[in-house]
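See structure below.
Keep in mind that this is a model prediction, so the values were computed, not measured.
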Amino acid sequence: MAWVFLVIAGLLEVVWAIGLKYTDGFTRIGPTAITVAAMVASVVLLGVALRDLPVGTGYAIWTGIGTIGTAVLGMLLFQEPATALRLASIGLIVAGIVGLKLVS
């Protein structure tokens, strides 16, 4: 179950990171409420997952999921560049997450 909590926490990290763009500096109530709720839920689920997972592995995977998801959504939603180097770098993060999962 710890891995499920960790993946959900990582996905919620993506929600709040993207949500920050929509809060307009925390001046828009709806997006701000969603962003803050996702922040809290993400950290709480990370904490629950870390009861059973090594902290280094859990934190690295949590941030990796957030980084990959935010970078991909940035390209899709905000037309951020999808250069070969950027995509290769995302691939390296994926490889790191898989490696950490395999050794845990």
- Task: Would you check, one step at a time, whether the test side chain to side chain contact (heavy atoms under 4.5 Å, CB included) holds for Trp3 with Asp52?
- Result: CA-CA 9 Å; Trp3 287 104; Asp52 297 318; over 6 Å; no
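- One finds the NZ atom of Lys21 at 13.0 Å from the CG atom of Leu73 (value rounded to the nearest 0.5 Å).
- Among Val40, Leu20, Ile18, the one residue that satisfies the side-chain contact (heavy atoms from CB on, under 4.5 Å) test with Thr35 is Leu20.
- Within the 3.5 Å criterion, the main-chain N or O of Ala60 finds a donor-acceptor partner in the side chain of Thr63.
- Nearest heavy-atom pair, Ala2 versus Ala49, reported as atom, atom and distance to 0.1 Å: O-CB, 3.4 Å.
- In this structure, Ile34 CD1 and Thr23 OG1 are separated by 11.0 Å, a value rounded to the nearest 0.5 Å.
- For the pair Tyr59 and Leu50, the tightest heavy-atom approach, listed with the atom from each and the gap, is N-CD2, 4.3 Å.
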* Derivation and outcome, side chain to side chain contact (heavy atoms under 4.5 Å, CB included), residues Tyr22 and Leu77 -> CA-CA 11 Å; Tyr22 292 102; Leu77 297 174; 4.1 Å; yes
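- Remark: Ile65 CD1 to Ile93 CD1 distance equals 11.5 Å, nearest 0.5 Å.
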Practice problem: Begin from the C-alpha positions of Thr83 and Leu87 and carry the test side chain to side chain contact (heavy atoms under 4.5 Å, CB included) through to its verdict. | Solution: CA-CA 6 Å; Thr83 63; Leu87 295 173; over 6 Å; no
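- Inter-residue side-chain proximity for Glu80 and Arg86 is flagged as met; some heavy-atom pair is nearer than 4.5 Å.
- Separating the CZ atom in Phe78 from the OG1 atom in Thr70 is a distance of 9.5 Å, to the nearest 0.5 Å.
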(request) Show the numbers, then the answer: is there a side chain to side chain contact (heavy atoms under 4.5 Å, CB included) between Ile68 and Ile97? (result) CA-CA 10 Å; Ile68 293 166; Ile97 288 172; 3.7 Å; yes
